[in-house]
Every structure is written in C-alpha cells, then in structure tokens.
A.B. asks: 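First the structure, then my questions, so here it is.
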Amino acid sequence: MIEIVIWLIAFALILFYCIKYWESSVSTGLSKVIPSILKSDDENRWVWGLALAVLGATTLVRPVDMLLTAIVIAIVVLVGKKIACWAMDRAKFH
C-alpha cells in the first residue's frame, strides 16, 4: 500500500511540474531527444506529461525493474537489427 501511495505522489508531482514548466524546459528537452516526426505544437503537452510522469514515478518506485526492462528492450532491438541486416544481405534484388 505504501508503494502505491509513493507512486501516486511521485506521479502527481512529476505531472504538475512537467505541465508547469512545459514552455521553459520540458518542451525544449523533448525537442532535442525525440525524432522530428513526433514533434508537434502544445497539443501533446498532456500526452507527453502523462507519459513522463508514469515513467518517472515507476522509475522512482521500482528502478531495478525499469533497468531490466530497458536492457531487455535493447537486446531485442539489437537482435532484430542483426536479423534484418542478415535478411537484407541474403535477399536478391534484381
């Protein structure tokens, strides 16, 4: 129960500060990180704020789980990339 309360408090605080400081810091930070296809106007302020709040609160409460998830995702991406490169080498384009 304590874990849920801590997660909710962290979620609320991260969301509040993300929305409050969107123009000054969060938007510019996201613009540097995300691809241009995902960039848009202030319409997605709430979507990105909620996503950052969920990720931030979960990382604060369960950091090992988030680290292991990131490692598994990185391994899957690397294996997929290697398989795609291998398949492209094997394909015959006439």
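Please read these numbers as outputs of a predicted model, since none were measured by experiment.
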A.B. asks: In Å, rounded to the nearest 0.5 Å, how long is the span from CD1 of I14 to OG1 of T58?
C.D. replies: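 If I round to the nearest 0.5 Å, the distance is 8.5 Å.
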A.B. asks: In Å, rounded to the nearest 0.5 Å, how long is the span from CG of L13 to NZ of K20?
C.D. replies: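 Atom-to-atom, L13:CG and K20:NZ are 11.5 Å apart.
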A.B. asks: Hydrophobic cluster membership, with links at side-chain heavy-atom distances under 4.5 Å among I/L/V/M/F/W/Y: are V61 and I2 in one?
C.D. replies: yes
A.B. asks: Is W7 reachable from V64 through a run of I, L, V, M, F, W or Y residues, each pair having side-chain heavy atoms under 4.5 Å apart?
C.D. replies: no
A.B. asks: Treating Ile, Leu, Val, Met, Phe, Trp and Tyr as nodes and any side-chain heavy-atom pair under 4.5 angstrom as an edge, say whether I19 and L8 lie in one connected cluster.
C.D. replies: yes
A.B. asks: What heavy-atom pair brings L52 and C18 nearest, and what distance separates the two atoms?
C.D. replies: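 Minimum heavy-atom separation between L52 and C18: CD1-SG, 3.9 Å.
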A.B. asks: Consider only side-chain heavy atoms of I, L, V, M, F, W and Y, link residues closer than 4.5 Å, and tell whether L68 and L60 are in one cluster.
C.D. replies: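 Different clusters.
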A.B. asks: Within a strict 4.5 Å, meaning less than it, do heavy atoms of the L55 and M66 side chains meet?
C.D. replies: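 Yes, their side chains come closer than 4.5 Å.
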A.B. asks: Calculate, to the nearest 0.5 Å, the distance between atoms CG and CD1 belonging to L67 and I71 respectively.
C.D. replies: 4.0 Å
A.B. asks: Could you check whether any side-chain heavy atom of F11 comes within less than 4.5 Å of a side-chain heavy atom of L50, counting everything from C-beta outward?
C.D. replies: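 Answer yes - side chains close enough.
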A.B. asks: Enumerate the salt bridge (charged side-chain N to carboxylate O under 4.0 Å, His left out) contacts for residues 49-74, please, sequence neighbours excluded, ordered by first and then second residue.
C.D. replies: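 Qualifying pairs, neighbours excluded: E3-R62, R62-D65.
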A.B. asks: Provide the closest heavy-atom pair for T28 versus S25 in the form atom of the first, atom of the second, distance.
C.D. replies: OG1-O, 2.9 Å
A.B. asks: Determine whether I75 and V72 fall in the same hydrophobic cluster, where Ile, Leu, Val, Met, Phe, Trp and Tyr are linked whenever their side-chain heavy atoms lie under 4.5 Å apart.
C.D. replies: no
